[in-house]
Amino acid sequence: MTMKLWGGRFTKEENQLVHNFNESLSFDQKFYHQDIQGSIAHVTMLAKQGIVTEEDKEAIIEGLEGILRDLESGELEFSREHEDIHSFVEATLTERIGEAGKRLHTGRSRNDQVALDMKLYCRDEIDAMGELLKRLLEVLLKIMEENLDTFMPGFTHLQKAQPVTLAHHTGAYFEMFYRDGRRLKSIRERMDECPLGSGALAGTTYPLDREYTAELLGFDGPTQNSMDSVSDRDYVIELLSALSIIAMHLSRFSEEIIIWNSNEYRFVELDDAYSTGSSIMPQKKNPDIAELVRGKTGRVYGALMSLLTTMKGIPLAYDKDMQEDKELTFDAIDTVKGCLVLFTGMISTMTFRKDVMEASAKNGFTNATDAADYLVNHGIPFRDAHGLVGQLVLMCIGKGTALDDLSLEEFRSVSPAFGEDIYEAISMKSCVAKRVTTGAPGREAMEKAIALCKARLRTL
Ligand code: ARG
């Protein structure tokens, strides 16, 4: 026997398969806290407006708080016969406090209730994710501060390009995750309107004070169109977009760590606690965490595509299709939170092999641009300088050496503009030190960047 809020006009018992297909309690129980929080605000407003008595209000609030306590302590369990969290809470309340419990749903529909619960849940989760992002940014900042002089090759096309520092490379990810933090904040700001009091779709006939409930629940004000209120899931889609971007950033960084951790690169060594072994190959130490973070990105993108597709053909106002927003959103949130925690742990325990990074930056002609710039500083047009240094590179490839190993005569064989100071000009140290424009890897520029990163972190 299933318990229904809406049994009145039905003559037959619901088919069990229909119940199973239709129910959402198995997953929307996740926001029981927000559901109860919304109900407390609703009944507080009902009493203020004289729609329920003070006495009923107190009984209802006490009952709701008891339910919350008992759910949290595990004393009360979600029973399968209820359709969703809203039905469960209301039925349990009535079971516990009697008649007054039946007055809670006055001037409210599950349609505005679920819209509210979902919004409250998303806001809470955004706050939690913001904290996790901050922790990640702190770890990145620490790596930056400690590695202003750790040289490494910067890549384009995964080919060595120009020397940078580990601080600079890490700083690129700081920018990405900082943007993610701001994106979450601005999405949360757009979740500032409270849908409660919109009813099923057309408002209600009771003199509700929607401004008051909005205020009680920490919103700037109520939503402005009751049909939109119950059918808007834009904020969930925005959140899933932001989560997809976070997952994409985590995935890119994971990919780099997998490459850096490979036997060929050996730029980093993952901590044993964040690595896994093979059941057959005794020598293996695999970067499973980084691979899983990269792999889980697909799930998060999937959630975004799934909800966009669900929403695209839904006529106004509420339709049951929208119940499909929950499992995938919960999964995307939990997935990204898990990835943030594990990724942060992984990179904060990982060892950077600075010597390997530096040695790698020294070969691969990462200073070729600087050799061309040297000629430019001696009056040669850049395009010609590019061609001349190209000849030197070819010469080195033939001999299997680096530019730094060429003799001054060899340098001068392509241009008499080269002098003894070329060696200093193309040394790893000066290649980086000279790059001090805003955003570049040179120490001066990086010190400014780090100061800014610290200030920005405080604003998140
Ligand atoms: N479980 C439903 C959902 O998640 C709640 C709203 C139900 N409303 C309705 N009219 N059936 O969307």
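Bear in mind the structure is a predicted one, so any value in this text is a computation, not a measurement. Counting starts at 1 for both ligands and their atoms, following the listed order.
- Looking only at heavy atoms of the protein, atom 9 (C) of ligand 1 is closest to N111 OD1, 3.5 Å.
- Note: an N/O pair closer than 3.5 Å links Q323 and ligand 1 by distance alone.
- For atom 11 (N) of ligand 1, the nearest protein heavy atom (residue, atom name, distance) is R110 NH2, 3.6 Å.
- The nearest protein atom to atom 6 (C) of ligand 1, hydrogens excluded, is given as Y318 OH, 3.4 Å; this is a heavy-atom distance.
- Aromatic ring orientation, F343 versus F177: tilted (interplanar angle from 30° to 60°).
- Donor-acceptor pairing under 3.5 Å is recorded for the side chains of R108 and S39.
- Cation-pi geometry between K119 and Y235 is met: the NZ or CZ atom falls under 6.0 Å from the ring centre, inside 45° of the normal.
- Remark: R210 is not positioned above the aromatic ring of F219, lacking an NZ or CZ atom under 6.0 angstrom from the ring centre and at most 45 degrees off the axis.
- When heavy-atom distances to ligand 1 are checked against a 4.0 Å cut-off, K326 comes that close only through its side chain, counted from C-beta outward.
- Between the side chains of D288 and T276, a donor-acceptor pair is found at a separation under 3.5 Å.
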